[in-house]
Amino acid sequence: MKAEQRANSSSMSLQNPSLLNTTQSSISGALKECLGSLDGACIEKLLLHFASALESKDVTSAQQVMWVLNNVASSIGDPNQRLASWFLKALISRASMVCPTTISFDGRGVLQRRPMTVTELAGYVDLIPWHRFGFCASNSAIFKATQGFPRVHILDFSITHCMQWPTLIDALAKRSEGPPSLRISVPSWRPPVPPLLNVSNEEVCQRLTNFAKFKDVPFEINVIEVPQISPMDASIQQLGSSNHYDLLLSQLNPSTLKLRDDEALVINCQNWLRYMPDELTGSTLHGTSCRDAFLDTIKDLSPCIVMVVDEDCDLGTSSLASRITTCFNYLWIPFDAFETFLPKNSPQRTEYEADIGHKIENIIGFEDIQRIERMESGTKLSKRMANRGFQSVLFCEETVKEVKILLDEHASGWGMKKDDDMLVLTWKGHNSIYATAWVPCSFGVEY
Amino acid sequence: MMSDDVFSLPSKVFPQQPAEPNPNPNLNGNPTSKKRRNLPGTPDPDAEVIALSPKTLMATNRFICEICKKGFQRDQNLQLHRRGHNLPWKLKQRANKDQIKKKVYICPEKTCVHHDPSRALGDLTGVKKHFSRKHGEKKWKCEKCSKKYAVQSDWKAHSKTCGSREYKCDCGTLFSRKDSFITHRAFCDALAEESARSFGANNLNFRNDLNGNLTNHQQNLDHGFSGIPLLGAGFRPDFTGMAPAGNSDQKPRLSLWLDQGNSQLNPIYANSNLFMPNMMQMSSNNNVFDSSNQFPWLERTAASANLSLFPPQGLKEEAVSSKGLTMAAAVSLSSLYSDNQNLHLNSSASASMSATALLQKAAQMGSTKSNQTFFNNPINRSELHQVFKQQALENSPPNFVSSTSTTSIDGLDQSMQRSGTVENQQASANLHSGFRDFLGMGGEGGANSFLPPELAKFASMSSAMGLSPFSRNHQHTTL
């Protein structure tokens with residue numbers, strides 16, 4: 001398992017391991033296995049121990065584990081230590097709701113994140129291929145799928161503020177039959193997660209428009225207005241309240257979107273689906289979950305291609321323990337990548353890790369509708385898409401080659417594998433991001 | 001130069017390689033009379049073999065003046081210096097060709113193949129470079145690709161061609177990957193400004209655009225550096241006529257302006273007296289060209305640039321001379337902020353321009369604009385030269401990488417800070433804004449554990465237990 005693989009990778013030594021024996025037997029039992037070296041596997045066990053103590057409201061136990069963890073974790077240590085520190089913060093945030101009298105501090109343990117400028121964001125998406133991989137695979141597939149069409153309309157559902165599009169615009173500008181008229185529609189609302197920008201949507205749209213003009217690509221960008229939620233509801237922590245999505249869904253119809261018959265409709269879901277609630281609730285249409293309802297809606301728009309790119313990890317389960325394990329073993333990947341590419345005291349690195357910390361806090365610290373990070377692995381997503389009436393589109397050789405070239409430009413460690421219809425970005429062999437392409441089943445076209 | 005006339009210069013004996021790779025000890029000298037390098041390690045058997053210790057070999061200034069102890073690399077330079085002390089000096093000449101024995105040098109490193117006298121190297125510079133390359137520390141680092149060199153000239157040669165397939169944004173940031181360049185470009189401020197300029201106003205109104213551009217950047221001058229490159233853009237009118245037109249983004253309207261300007265300026269240029277007092281005034285104020293005092297100078301430059309770019313408003317003396325100043329200022333400006341910022345000067349070639357090339361260009365501009373009095377003014381030339389020299393000095397420290405790997409990045413940052421130019425800070429900001437791709441700076445062990453304030457409670461617990469945050473030995477993650 002991944003834990004074992006990382007067991008050799010980094011270890012820390014306790015100055016006085018014997019002192020640990022003086023703590024409660026419940027802890028020393030857990031620690032006996034990894035006495036002398038506190039590595040990733042051990043941290044994971046500690047975290048699980050902490051979580052179970054919280055679940056069972058065992059305050060003393062929780063305090064003790066927290067103390068140990070606190071000595072292990074460090075936001076400026078090695079990746080495991082850094083990760084541990086964010087997990088600890090998340091668990092404390094959770095604990096403050098469970099045992100409010102134990103610790104008194106503001107539950108928001110996460111750093112106040114400074115929003116980025118557009119150029120900083122442009123740099124951020126290119127530091128590691130975490131986002132760029134998806135952009136590259138998607139853009140290439142979109143380019144192929146829209147060949148021959150004089151008009152292209154993209155519905156962009158993503159969290160990266162249109163960072164994906166400049167390269168597509170550049171590619172379309174050089175299209176052999178001339179660039180198409182490109183139209184992009186973005187929703188006015190997005191999940192309140194990093195990366196955060198310090199400028200408005202309009203500013204981003206304006207810059208993109210300038211760029212397209214510069215490249216001589218006829219271009220238009222529209223914002224799909226998602227009606228604002230009244231301030232009354234704002235009292236609930238609206239981290240992706242399903243209300244937002246319902247309102248969004250209500251806007252996804254041909255007339256509001258002004259769909260045209262002669263345009264190729266592309267639907268781009270980049271790091272988006274995981275935010276959509278998956279619980280079966282009465283409020284959603286036909287008793288399906290919000291996520292499924294979304295998929296149904298976009299299928300009805302008859303897109304010529306649907307791109308789904310997301311993080312390859314299963315975190316939808318409600319069990320805290322399994323979430324901790326899975327999350328710890330997954331988010332180690334970006335931490336390790338940052339370790340390789342950024343220096344220890346880099347402020348950027350701290351910020352990026354804080355962004356992931358934000359994610360961790362949400363996954364660990366919250367439940368139900370407040371937990372918005374509900375990642376689903378590529379395999380599960382594929383099943384879901386098939387269930388909703390989509391068929392997968394294989395990535396052509398050219399796309400695979402382009403992605404390989406991209407990864408070659410990054411340092412070794414990043415790789416790619418092809419799992420049937422999925423392209424998966426790997427870091428040191430571990431799956432990180434998957435990219436898939438779909439069409440509604442009524443289409444019989446292969447790209 | 002070989003002495004033997006016996007071996008004259010038939011073409012067949014003057015091949016690309018020496019006639020005999022393994023010289024017969026009985027052979028008399030080199031088969032050609034022309035000065036020509038042997039293959040390394042195949043010395044003239046008659047030559048005197050010199051073995052220098054590493055210290056002596058790498059000593060940069062071996063010729064010392066006995067009066068002031070100043071060191072020189074060459075004896076000729078020392079002799080010229082001795083003139084200053086009113087000492088007898090004599091420049092050696094290669095008068096006695098017959099008696100001068102060729103000297104060859106062996107590498108002091110015992111394990112080296114060139115330590116063998118039969119493999120000695122023919123000239124001192126060559127053996128010095130060899131010693132550095134093979135056995136020395138690689139102190140020179142290419143900024144673009146991080147490749148390291150022990151010999152400065154190797155590094156320079158590499159830097160000229162490195163990253164020629166690189167992408168440069170108008171704002172000066174360099175990219176090695178196309179997609180990062182495109183994405184950045186799409187959202188960069190530089191594009192936004194350019195769009196405002198080219199799409200907003202039409203060509204005839206470019207004066208207003210430039211005005212807007214310049215005032216915009218005068219504000220920017222106070223904060224940071226981003227304005228400077230576009231300030232250079234404002235100076236494009238001065239260069240477009242001269243510089244090879246490489247940048248397709250440059251608009252022809254600028255030459256339109258030049259034609260306008262020329263017809264009106266020429267009569268005034270002819271009267272050089274107008275120039276001199278102003279130039280004397282400017283050049284006597286050394287602060288203008290003092291690179292450590294850049295901002296006030298730049299503001300003044302910008303101010304004068306504002307004046308200079310409005311010739312149709314009526315030519316005043318100040319306008320003309322400021323324009324003259326502007327060109328010098330622009331040249332100095334571009335020389336100070338080389339590499340990234342020099343895009344507008346010569347966009348087709350690689351970014352960095354040597355000081356001599358810039359001087360030549362400045363001289364060219366002077367002649368084509370019938371502005372010879374300006375550029376031939378010895379005072380101005382020396383001022384410019386001073387600027388270039390300073391720039392050359394300032395450019396070297398940032399490329400010096402200290403040998404200890406753990407501090408190399410810090411050392412680089414420090415030396416960048418030391419050199420103090422804004423350009424280097426900006427370059428530093430761009431290069432080292434945290435994006436240290438591929439450098440893999442793992443660094444040393446972590447510091448003491450970070451106790452968030454909310455866990456201060458546990459700090460008191462831990463100190464009570466006598467356990468301080470422990471140090472960790474950790475290994476880098478390897479898989």
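Every chain is numbered from 1 and lettered A, B, ... according to where its sequence line falls, protein lines coming before strand lines. Side-chain atoms are counted along with the backbone in the values below, which use heavy atoms only and exclude waters and symmetry mates.
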Query raised in the report: Does the side chain of B:Asp189 reach to within under 4.5 Å of the side chain of A:Arg207, using non-hydrogen atoms?
Result: yes
Report summary line: Here the gap from B:Thr183 atom OG1 to A:Phe135 atom CZ, rounded to the nearest 0.5 Å, amounts to 7.5 Å
Query - Non-hydrogen side-chain atoms of B:His184 and A:Asp126 separated by less than 4.5 Å - result: no
Requested in this report: Check whether any side-chain heavy atom of A:Thr117 sits under 4.5 Å from a side-chain heavy atom of B:Phe187, and report yes or no.
Outcome: no
Query - Gap separating the NZ atom of B:Lys178 from the OG1 atom of A:Thr167, nearest 0.5 angstrom - result: 10.0 Å
Report summary line: When rounded to the nearest 0.5 Å, the distance separating SG of B:Cys188 from CG of A:Asn210 is 11.5 Å
